[in-house]
Q: 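Structure provided below as structure tokens; questions to follow.
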Amino acid sequence: MPPFKPIKRQELIRQLKKLGFSEPKAGGNHQYMVKGQLKLFIPNPHRGDIRKSLLARILRQANITREEWENL
């Protein structure tokens, strides 16, 4: 997995798919990815990388620890 640092949206999606999440689906204002009963909303495409603080919130909502993210 990538180190815990800013990440591009496409890389985030790629890594979440490796962890068992579905392809992004349209839903309201944001796309989301699903794994079992968990629905994880992801940021919309924009310029620049996803900041570490937002990545931390996404991983917390996905029940993925920082260690899991860096070591898988």
Q: Please round to the nearest 0.5 Å and tell me the distance separating atom CZ of Phe4 and atom OG1 of Thr65.
A: 10.5 Å
Q: Donor-acceptor pair, distance only, cut-off 3.5 Å: does the side chain of Arg9 make one with the backbone of Ile50?
A: no
Q: Following the transitive rule for hydrophobic clusters with a side-chain heavy-atom cut-off under 4.5 Å over Ile, Leu, Val, Met, Phe, Trp and Tyr, establish whether Leu38 and Phe41 coincide in one cluster.
A: no
Q: Can you tell me if CZ on Arg66 sees more than 12 non-hydrogen neighbours from other groups inside 6.0 Å?
A: yes
Q: Go through the steps to decide whether Arg57 and Arg51 satisfy the test side chain to side chain contact (heavy atoms under 4.5 Å, CB included), and finish with yes or no.
A: CA-CA 10 Å; Arg57 285 186 289 184; Arg51 296 181 323 265; 4.2 Å; yes
Q: Return the CG to NZ distance between Leu59 and Lys52, rounded to the nearest 0.5 Å.
A: 12.0 Å
Q: Do Met33 and Lys25 touch side chain to side chain, with heavy atoms closer than 4.5 Å?
A: no
Q: Measure the spacing between CG of Asn63 and CD of Glu68 and express it to the nearest 0.5 Å.
A: 9.0 Å
Q: Enter the distance from Leu40:CG to Ile64:CD1 here, rounded to the nearest 0.5 Å.
A: 7.5 Å
Q: Inspect the contact between Lys8 and Glu11 and indicate whether a charged nitrogen and a carboxylate oxygen are less than 4.0 angstrom apart.
A: no
Q: Any sub-3.5 Å donor-acceptor pair from Lys39's side-chain atoms to Tyr32's backbone N or O?
A: no
Q: Under 4.5 Å between side-chain heavy atoms, counting indirect links through other Ile/Leu/Val/Met/Phe/Trp/Tyr residues: same cluster for Ile7 and Ile13 or not?
A: yes
Q: Does His30 reach the main-chain N or O of Gly28 with its side chain, forming a donor-acceptor pair under 3.5 Å?
A: no
Q: For the CH2 atom of Trp69 and the CG atom of Leu12, what is their distance to the nearest 0.5 Å?
A: 5.0 Å
Q: For the side chain of Ser22 and the backbone of Val34, is there at least one donor-acceptor N/O pair under 3.5 Å apart?
A: yes
Q: Less than 4.5 Å apart, any side-chain heavy atom of Pro6 and any of Leu54?
A: no
